[in-house]
Protein chains: 2
Amino acid sequence: MEIGWIEALQEKIDDHMISARSDLDNYRYDSSFGEYSPEAVVYVTSTKAVSQVLKIANDYKVPVTPRGQGTGLSGGDLPVHGGIILDMSQWPASVEIFPDDLVARVSPGTLTSVIHAEADKYGLMYPPDPSSSNISTIGGNLAENAGGPRGLKYGVTKDYVLGLEVVTPEGEVMQTGGHTIKNVTGLDLTKLMVGSEGILGMITGATLKLIPKPSSVQTVIAAFSTMEEAGKAISKTLTSGILPAKIEFIDQACARAVEEYEPLGLPTDMEAIVLVEVDGHPTAVQEEATTVCKIMKEVGGTNVFLPQTNEEASRAWQARRLVSPAIAKIKPTKASEDATVPRSQIPEMMVRLAEIRDKYNLSLVVFGHAGDGNLHPNILCDERDQAEIARVEQAIEEIFHAALELGGTLSGEHGIGTMKSPFLEEELGPVGVDMMKRIKEGWDPNNIMNPGKIFPDKGQRLILSRRLEE
Amino acid sequence: MEIGWIEALQEKIDDHMISARSDLDNYRYDSSFGEYSPEAVVYVTSTKAVSQVLKIANDYKVPVTPRGQGTGLSGGDLPVHGGIILDMSQWPASVEIFPDDLVARVSPGTLTSVIHAEADKYGLMYPPDPSSSNISTIGGNLAENAGGPRGLKYGVTKDYVLGLEVVTPEGEVMQTGGHTIKNVTGLDLTKLMVGSEGILGMITGATLKLIPKPSSVQTVIAAFSTMEEAGKAISKTLTSGILPAKIEFIDQACARAVEEYEPLGLPTDMEAIVLVEVDGHPTAVQEEATTVCKIMKEVGGTNVFLPQTNEEASRAWQARRLVSPAIAKIKPTKASEDATVPRSQIPEMMVRLAEIRDKYNLSLVVFGHAGDGNLHPNILCDERDQAEIARVEQAIEEIFHAALELGGTLSGEHGIGTMKSPFLEEELGPVGVDMMKRIKEGWDPNNIMNPGKIFPDKGQRLILSRRLEE
């Protein structure tokens, strides 16, 4: 009798695996929407094991979905077509710093915050800082090309990857890129893999670029009575010749939610709060912070505040970090978006978001990385209220359309996953989608790696409430 | 009677073209080695024309080789399989700056120095600065992912590309990426195209990221009596917490050549000269320059010099820029390499290069971007001396092996082209090459776009003297 794929895995893989239905429940969800059952979970801890699993999966044409800590916000780690979950969370953390080369080698299961801490020991910095740093793995960050507030000055994950170890969908191991800052040998498979959301293979190791840690940091906070003023303050700062490390933005609803969640002294009677961080040489930082304060006041900013101690500055950034958990308390369900527009279009995008909020009568709040146009409109709702969820789905669709109309993109940070795939062609056009599919088909002829992500399944449309319908 | 592809081009393309053999001679060379004849040159000046040419070429399965100003150093614009040269040099220059978005839109035929000048008008900077900026087009820079001295701090061309207009090998037009700093929608075709050396399609427009121009710049120059000391000075500077914009290096032979070419006051009795540029806030720059001077002296540097005027600084950098033309005067032929090693391996690579020079009894000089490990060993020879050329070929092969052994790469800046393709698999392994070929085959099923580049033809090996043999 021919054995099935689960038996083949059990026979060949030394790493721990589960396939009993009752054990699989935790793998039905991630931090986005939808609920899907895998048929097996393999806890891989070596490149060899990943290769073995993919070879078997490829032979049996079984879908494989990679998963780190399950913190993804676009459904990248949901097994939408069943099959195997390749759980990378048990892979031992490993960070090797090469201070003379300003480079780090890391294992895929390492939490991003661990890389930050290790680099810091050498006076170095790994700049990408997704808000999930403390709970997400670098493997997940690489698969999704994670961003974060510091993206404004320092760029995103992709900008710091020099080389990767990759297991192809057919189970072959390859090294991409290398250990040097400059490398133009052949096609850039490194940057193709970063942000490919697991559809082109598994990342089993990475070489990251580090930079000298800025010796000084200063925060500036200001409040504005209108969105328009806040937008002007951001725009004026960015064209003043200063490139802050971060320019973050919190709207009134978010500020109120934070103050209810944990009183940190945010003004709750203003339409917008802007947080700026400048970093670099101490003298430069003090001058730049003074200039930023001046700009904030010139365009009507009030409560302009320059924290004088680390504690004061930490409190400001703690407020920014608490926005997400705080607004999650308002209603049971939170639909978090990351449609991104050119910086100059932020004021117009804010107007559109307010219109969409009113049109669909929804609790829509906005915060995010204003400096690079990467806003996070969040809709707070109740997924048990089917009429409301239908309005949310329409509102999200309109948010996507608005971002594209303003010259923006569906996703600045979270990835397309399964949620945004129905809108892919609207942004990329049929030729762009076709050329992407050709890469996928060439690399993964049996379509086993994370099927159902990026490219929409036939007839797929945005549905948030799948959990209830199924 | 069925018409041939030249007639089809003549009939459908409004843009100027030539196909008379006597007119094609200028297109047999570029700035690298080898001589190959195209059968036609089309001077395209619009996306539509590019699309029409590629559609005809694809129908007739005729090779197409893109060409900007012909300044490539790896043979990227040589028509090694004949066919059509797509000349982009007549495409009108166009730079549109969006100061609020810190973005520029450019046409492929624009000289890179024109982009620098236009950005400068807004107090902005386009950082990539290949030494060929004044004579090379941005289209060529994009195809080859050009670098330059500022790569150390600011990265290379790829790091500043937000979006592209691309004509696929089958003549379809697509937009990749966009106008926003953050964008994770789908596979990253933008960064796949940059550095793909024309084998995946034609770049017909680009959206580039700009940054605020640093308000202050300071140069430091030092001379060292041994290579080892120079290596230590570079390494110590890079681990001091300072990230200079540039760290360049000139060996004794290069310094002597420059002084003979144009006396600029370089010391000619020292083994190595190191040039450092720090930039940023004026106070920070002065402090950092002082620290760099101190480091240089501590490890044995002499003639340590801090230019006090723009003229003095310009003269130092003029000396660096003149290295290439100056050494070209030593002998009729110059083989310029760009094998790159991790920064920590620079001293060891210098030792290996001296060994190779002595072993093959060649005039081998070294200069380049020491800060990022991107050295430019240049062999000065005479291509009419077949015995010498044979030694040069062996020496270059050993340089490649040395770079790879030290954890480096075949090419940091110039691309693989036709010259380095025989060594591709040694760096990437068979799986890496196979995965690259799958992309090429999926995108260009008739292999019309720049065939014979990156991937070696069957049995191909390094030959510099083809011009004489044919």
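Protein chains get the first letters and strands the later ones, always in sequence-line order, with residue 1 at the start of each.
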What distance do [X] atom [atom1] and [Y] atom [atom2] have between them, rounded to the nearest 0.5 Å?
| X | Y | atom1 | atom2 | result |
| --- | --- | --- | --- | --- |
| B:Ser344 | A:His179 | OG | NE2 | 6.0 Å |
| A:Asp100 | B:Ile346 | CG | CD1 | 10.5 Å |
| B:Lys182 | A:Thr340 | NZ | OG1 | 7.0 Å |
| B:Ile439 | A:Leu192 | CD1 | CG | 5.0 Å |

For [X], is it the side chain, the backbone, both, or neither that has a heavy atom closer than 4.5 Å to a heavy atom of chain B?
| X | result |
| --- | --- |
| A:Val433 | neither |
| A:Pro99 | backbone |
| A:Thr239 | side chain |
| A:Leu187 | both |
| A:Ile199 | side chain |
| A:Thr176 | neither |
| A:Leu152 | neither |
| A:Asn145 | both |

Options [options], ranked by heavy-atom pairs under 4.5 Å with chain A, top entry:
| options | value |
| --- | --- |
| B:Leu238, B:Leu102, B:Leu410 | B:Leu102 |
| B:Val166, B:Leu243, B:Ile242 | B:Leu243 |
| B:Val173, B:Val156, B:Leu189 | B:Leu189 |
| B:Glu287, B:Glu288, B:Lys440 | B:Glu287 |
| B:Glu413, B:Gln175, B:Glu197 | B:Glu413 |

Point to revise | Side-chain heavy atoms of A:Leu424 within contact of B:Thr185, under 4.5 Å | key: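 Yes - at least one pair of side-chain heavy atoms lies under 4.5 Å apart.
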**Study point:** Residue pair A:Val184 / B:Glu144, side-chain heavy-atom distance below 4.5 Å
**Key:**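 Contact flag for A:Val184/B:Glu144 side chains = no.
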Heavy-atom pair of closest approach, residues [X] and [Y]:
| X | Y | answer |
| --- | --- | --- |
| B:Arg438 | A:Trp443 | NH1-O, 3.7 Å |
| A:Met435 | B:Pro169 | CE-CD, 4.4 Å |
| B:Glu172 | A:Val431 | CB-CG1, 3.8 Å |

Which portion of [X] sits near chain A, non-hydrogen atoms under 4.5 angstrom:
| X | answer |
| --- | --- |
| B:Val103 | neither |
| B:Val341 | backbone |
| B:Asp101 | both |
| B:His369 | side chain |
| B:Ser235 | side chain |
| B:Glu427 | side chain |
| B:Ile454 | side chain |
| B:Glu441 | neither |
| B:Lys158 | side chain |

Of all of [options], which one pairs up most often with chain B through heavy atoms under 4.5 Å apart?
| options | answer |
| --- | --- |
| A:Gly412, A:Gly155, A:Pro212 | A:Gly412 |
| A:Ile181, A:Asn183, A:Thr283 | A:Asn183 |
| A:Glu170, A:Met174, A:Met193, A:Arg343 | A:Arg343 |
| A:Ser421, A:Gly241, A:Gly280, A:Gly195 | A:Gly241 |
| A:Gly432, A:Gly442, A:Ser411 | A:Ser411 |
| A:Gly186, A:Gly177, A:Gly123 | A:Gly186 |

Exercise for review: Would you indicate whether A:Lys232, at its atom NZ, is surrounded by more than 12 heavy atoms from other residues, nucleotides or ligands within a distance under 6.0 Å?
Suggested key: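 12 or below, so no.
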Exercise for review: State plainly whether the residues A:Asp188 and B:Lys191 are in salt-bridge range, i.e. N to O under 4.0 Å.
Suggested key: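 Not counted as a salt bridge, because no side-chain N and carboxylate O are separated by less than 4.0 Å.
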